[in-house]
Every structure is written in structure tokens, then in C-alpha cells.
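We count ligands from 1, going down the list as the structure has it; atoms in each ligand are counted the same way.
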Amino acid sequence: MVTSRAVILKSRPVGMPLPANFAIVTMRVPPPRDGQVQVRNLWMSVDPYMRSRMNASEGYMTPFELGQPMSGGAVGIVVTSNDPSFNPGDLVLSMLGWREYFNAGPSDLRLVEALDLPVQAHLGIAGMTGLTAYAGLLRIANVKRGETVLISGAAGAVGSAACQIAKIKGCTVIGTAGGAEKVAYLEELGVDHIVNYKSESNLEAAIHDAAPNGIDVYFDNVGGIHLEAALSEAKNFARFVLCGMISQYNSKGSAAPHNLFMVVSKSISMHGFLVRDHYDLMKQFKKDVGTWFSSGQLHARETVERGLDNAVSAFLRLFEGGNLGKMLVKLG
Ligand SMILES: NC(=O)c1ccc[n+]([C@@H]2O[C@H](COP(=O)([O-])OP(=O)(O)OC[C@H]3O[C@@H](n4cnc5c(N)ncnc54)[C@H](OP(=O)(O)O)[C@@H]3O)[C@@H](O)[C@H]2O)c1
């Protein structure tokens, strides 16, 4: 019998989550039954969407249960297998993060594909995160060479993937991010214009300076005043891809945008999406990501916390701007 630690949701946060909303418990994991494998997690992902699962109300995903281990993307190694499709040593993807060990059957596991990338990239740029940027820009916005694309949360996991894909597709990219380190990172990625929104008193004016003729596409990760500024600086017939609104996840809603009528007056199309509806793109996405990595056009950046003890703080830091690229926790 293996002993495993797991992070549980102890109480539902109100506003910004606090460490006291979580606890680490120790559980016994019995040997796997027939048709199951036992997995030791090596890496787990922390993601902004997990915040909505901490609320009691049913959102677009089921709420986390109080007193139970939370769940989320993870990469682990099979330690014992009682299923013919897995062997000890196989690397597997699951949604059973926030714990050290677990037993599961094949329907909850996916073998990690052999890409010439570090294994944890499957939780980031070569996984759900990268696919979000890819689907949003290429399928929903259908960006074209020469277009001006504004991306908020540009130095984060989805944002930095979106910036790089938009550059690969020949767009002029404007990224917004908070802080000098993030600006330097976006310069490294070749982003054309970078707006440090934390040091700008007028976000709209800063975006206007970067794109005096207006923006064709806005990829929104942040919502609130970023969305408001993007509406003001959009061209007629601009396309807005609404990926996320992290500025609102810990609040009861934001006052902004105040200028939503611009959707009408500028004939803007706004399209919200969830990556889970675009998994049919995965095969093409993996192929493109492999090519772009090999040619040096795409780079993965990660902020790594170590150990389950630091998983909660890694999650909380997402809301404080504490990550460059994908925020991950290394467990193994
Ligand atoms: N639609 C989908 O299927 C889908 C899939 C994945 C992710 N998403 C969404 O995409 C967005 C980005 O996710 P991610 O995983 O890439 O996270 P992320 O951007 O790597 O991490 C969060 C970043 O958001 C910024 N931020 C946090 N609080 C903020 C606030 N109050 N105002 C402005 N910026 C704030 C911070 O960057 P700064 O320091 O630059 O402020 C922080 O580093 C999120 O909204 C997420 O929910 C959607």
C-alpha cells in the first residue's frame, strides 16, 4: 500500500482564495485492481479555470467537492500496471493532479506522445494551453498575414503561445502584460509592441500608440479594462476572441467594459470559446507545434514550483502575476 498526499478544498473561497481554503491530507492508495494502473505524478498544472470550480455554483465545469482532492492536468509515470495497454515506466497524461499517487483505468489516462519536447510541455504549450491559443487564433479569429492582433495576458501560458503563433502567421502583435520582466520576455519572443499595463495610466492611449490604425483581432485573456480598451481601439469589423477574463475571477463582476455598444457601432464580432470543443484540432496542432519547435519558431517558457506543499501558492500566484509562461508544479 502506497501513501500519497493530496490537496483538498477545505472551504469555498470568497473573492481571492486564501491558503486556509486548502489542506494537504495523506491517503492510502491500495494496489491497483485488474484493469487499473498505479501512477506517480511527476508534474501537475495549475490553471485559472480551477478558481471557478472552487465555487459552489455549477459553472461550465462541475464544482470541486469540499473535503476531496482537487483535480487538474498532470503527467505521471506508471509504477504498476494491471492493464495490458500500459507498462511500468510509461508516461501518462491525466486529469488527476493535486496528488502524488493514484490508481486509474485506461479511460482516465492518455499515453504521452513522443514529441521532441520536455514531458511537462504536454501540460503547457504542447497541450491544452497551446491548443487554446491555436484554436482561438486560427479557427475562431482566422488570423491573416498582415493583420494587427492585440493579446492580453500576453506573457502568461495561453498569451505567450498566442503571441508566438500570431507572429508565425505573419501578424503584427501587440501584447499587454504587467511588469518589466514580462516586457523583456515578450521582446525576446519578437512581439512588436508591448504595453506594460501596470505602468500605464491610460491603457487605451497606450494601445492606440501601438496601433494607430486600429486592431483587427483581439484575443482576450483578461476582460475588464483590457476588453474596454480593445473595443475602443478596434477597427470596424474587428474580430474578438474571448478566451478568458482572469481579472474577474475573484470579483463579483467588473464594471468594465462601459463601451459594449461599440460591438454594434463598429460591427465587431465577438466569439467566446472553450478549448474542450476544439480537440478535433489536436492532431494538426501537435504536428504544427513539432514543426515550429524544430525550426526554432516556438519556445516554451515555464515557471516551476516544487513539491505538493507549494502547489497552492503556485495556483494563487496566477492571480498576482507571478508566472512567466506556463505555471507548473514539479512533483517527481
Ligand atoms: N477558453 C478556454 O478554453 C481557456 C483555456 C485555457 C485558459 N483560458 C483562459 O485564458 C486566460 C489565461 O490563462 P493561462 O492559463 O494562460 O493563465 P496565465 O495567463 O498563465 O496566468 C495568469 C496571468 O494573468 C494575469 N492576471 C492575473 N490577474 C490579473 C488581473 N486581475 N488583471 C489583469 N491580468 C491579470 C497575470 O499576468 P500579468 O502579470 O501580465 O497581469 C498572470 O500572470 C485565463 O483567463 C484562462 O481562464 C481559457
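Polar contact check, Gly153 against ligand 1: no nitrogen or oxygen pair lies under 3.5 Å apart. Polar contact with ligand 1: absent for Tyr49 (N/O pair, distance under 3.5 Å). When only interatomic distances are considered, the shortest N/O to N/O separation between Lys182 and ligand 1 falls below 3.5 Å.
Taking 4.0 Å as the cut-off, Met327 does not count as a neighbour of ligand 1 on heavy-atom distance. Taking 4.0 Å as the cut-off, Gln248 does not count as a neighbour of ligand 1 on heavy-atom distance. Not a single heavy atom of Thr129 sits less than 4.0 Å from an atom of ligand 1. Distances from ligand 1 to the non-hydrogen atoms of Gly272 include no value under 4.0 Å.
The nearest heavy-atom contact from the protein to atom 11 (C) of ligand 1 is Asn221 OD1, 3.4 Å. If you check which protein heavy atom lies closest to atom 23 (C) of ligand 1, you get Leu318 O, 3.7 Å. Atom 16 (O) of ligand 1 has Val158 N, 2.7 Å as its closest protein atom, hydrogens excluded (heavy atom only). What sits closest to atom 47 (O) of ligand 1 on the protein, heavy atoms only, is Tyr249 OH, 2.7 Å. Of the protein's non-hydrogen atoms, the one nearest atom 36 (C) of ligand 1 is Gly321 CA, 3.6 Å.
At least one side-chain heavy atom of Met54 sits under 4.5 Å from a side-chain heavy atom of Arg51.
Residues Leu231 and Asn259 come closest through the heavy atom pair CD1-OD1, 3.3 Å. Between Asn55 and Pro13, the closest heavy-atom pair is OD1-O, 4.3 Å.
At a 4.0 Å heavy-atom cut-off, ligand 1 touches Thr132 through the side chain alone. For Ile246, heavy-atom contacts with ligand 1 shorter than 4.0 Å involve the backbone as well as the side chain. Only the backbone of Met245 comes within 4.0 Å of ligand 1, judged by heavy-atom distances.
Near Gly244, with a cut-off below 4.0 Å to any heavy atom, the atoms of ligand 1 are 9 (C), 45 (O).
Between Phe22 and Trp98, the angle of the ring planes stays under 30°, which puts this pair in the parallel group of the 30/60° scheme.
Annotation: Arg306, atom CZ; neighbour count of heavy atoms from other residues, nucleotides and ligands within 6.0 Å does not exceed 12.
Of the possible polar contacts, none joining the Arg317 side chain to the Val312 backbone as a donor-acceptor pair under 3.5 Å is found. With hydrogens and angles disregarded, no donor-acceptor distance shorter than 3.5 Å links the side chain of Gln38 to the backbone of Val79. With Asp288 contributing its side chain and Phe285 its backbone, the two residues share no donor-acceptor pair below 3.5 Å.
The residue among Cys243, Ala157, Ser247 with a heavy atom at the shortest distance from atom 48 (C) of ligand 1 is Cys243. When Gly159, Gly156, Pro48, Gly322 are ranked by how near their heavy atoms come to atom 19 (O) of ligand 1, first place goes to Gly156.
Between Glu302 and Lys330 there is no salt bridge, since no side-chain nitrogen of the basic residue lies less than 4.0 Å from a carboxylate oxygen of the acidic one.
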